[in-house]
Amino acid sequence: MSTIAITRAPSATLAQCQLSFVDPQAIDLALATAQHQDYCRALGELGCELLELPALDAQPDAVFVEDVALVLDHLAIMTRPGAPSRRPESPTIEAALRTFRPIVSIQAPGTLDGGDVLRIGNQIYVGLSARSNPEAIEQLRQLVAAEGYVVTAVAIRDCLHLKSAVTAVRDDTVLINPACVDREAFAAYRQIEVDPQEAHAANTVRIGDRLIYPAGFPRTAQRLQDAGINLRLVDVSELQKAEGAVTCCSLIFSRS
Ligand code: CIR
C-alpha cells in the first residue's frame, strides 16, 4: 500500500503570508523554493509517492497544504481554515483529494486548521487555537465517530497550532514543548521534550520509523537521535520565517 504526499511549491507572494507569533523577516523566495524541493526529495526518500500541485501565486500561504484538509483512512475533511485569507486555497486541494477519499467539510461557524490536528492511531487531538474553534471540534467529532476515532480538544499557548507544540515520533512517543501545551494532556505517551532553547523544535513529520526534521534545532535533534530515532534533516529556514514548519508542507496518507 503506497503512501501519498500532496505538496505545493511556495507562492511568489509568500512574503505576504499570515504571521501570528513570528516577527516579519525578509524571505528569500528562491531559497524557500529550493528548500521546499529538498523537503519533497526527503518525502520521496522516505517512501512517499509525491503529488506536487502547482503554486497558487494569489494565495501567499498556499505552500502550507496541511491546514486546509485532514485525510483519515476512509474520508477526507476540508477544514475551513481559521484565517479567511486562506480559504481560497481549498478548492484545488479538494480536487486532488477527491481521487482518493470521499470528502466532507467543516461548516461555518466552525474553523479548523490542519496544523491543529494531531492524529495518533485512533486518537485525534485538536488544538484550541486562534484558528480552530470548539464548533469545528464538535463537527469533527461527529464526522469521525463512526470510524472509531476519539477526538480530544487540547489547550495550547504561545504558539500557532497544536503541532507547533507537540507531534508524534513513534506510536507511543511524542516530541513536546511543555511551554506551549501541558504535558498532562499527553500523559498516555512517552515524552521527549524539546531543548528549552529551541522553542519551535516540536514539529516533525513521521513516516514509518523515520522523521523529517528541521536542521535548525541541533540540541533537540540530538535528543531524538539519543532515543534511537533516525532523522532526515531538512533546512526550512525560509519557510519558518513564514511561520511554517515541516508538517504543514504536506498532506500524507495511504493510497488505500
Ligand atoms: C499561517 O499563518 O497560516 C501560515 N503563515 C503558516 C501556517 C503554518 N501551518 C502549519 O504549521 N500547519
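We count residues from 1, following the sequence as given. From a predicted model like this one, the values you see are computed outputs, not experimental measurements. Start at 1 and go down the list; that is how both ligands and their atoms are numbered.
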### Close approach of A242 to ligand 1, heavy atoms, under 4.0 angstrom
yes
### Message
Check this for me - ligand 1, T247, N or O atoms closer than 3.5 angstrom, yes or no?
### Response
no
### Summary
atom 2 (O) of ligand 1: of Q16, R131, K241, E89, the nearest heavy atom sits on R131
### Task
Using a strict cut-off of less than 4.0 Å between a Lys/Arg side-chain nitrogen and an Asp/Glu carboxylate oxygen, indicate whether D209 and R170 qualify as a salt bridge.
no
#### Entry: Polar contact flag for D113 and ligand 1 (N/O pairs, less than 3.5 Å)
no
### Task
Report the C-alpha separation of S129 and D116 in whole Å, then their side-chain angles, then the decisive distance to 0.1 Å, and conclude whether the side chain to side chain donor-acceptor pair (under 3.5 Å) test is met.
CA-CA 8 Å; S129 70; D116 275 317; 2.6 Å; yes
### Task
Indicate the ring-plane relationship of Y125 and F186, choosing parallel, tilted or perpendicular according to the 30° and 60° boundaries.
tilted
### Query
Is any NZ, NE, NH1 or NH2 atom of the basic residue among R232 and D38 found under 4.0 Å from an Asp or Glu carboxylate oxygen of the other?
yes
#### Entry: Any side-chain heavy-atom pair of Q16 and S11 under 4.5 Å
no
### Donor + acceptor pair across side chains of T7, Y39 (<3.5 Å)
no
### Message
Please list, in number order, the atoms of ligand 1 under 4.0 Å from a heavy atom of H161.
### Response
9 (N), 10 (C), 11 (O), 12 (N)
### Query
Tell me: protein heavy atom nearest atom 8 (C) of ligand 1, and distance?
E243 O, 3.4 Å
#### Entry: atom 4 (C) of ligand 1 - nearest protein heavy atom and its distance
D61 OD1, 3.1 Å
### Summary
closest protein heavy atom to atom 10 (C) of ligand 1 is C248 CB, 2.8 Å
### Message
Show me which atoms of ligand 1 lie under 4.0 Å from any heavy atom of E66.
### Response
10 (C), 12 (N)
### Query
Does R255 come within less than 4.0 Å of E49, counting only side-chain N to carboxylate O?
yes
### Query
Looking only at heavy atoms of D67, does any of them come nearer than 4.0 Å to an atom of ligand 1?
yes
### Query
Does some non-hydrogen atom of K163 fall short of 4.0 Å from ligand 1?
no
### Query
In terms of side-chain geometry, is the basic nitrogen of K163 or E66 positioned less than 4.0 Å from the acidic oxygen of its partner?
yes
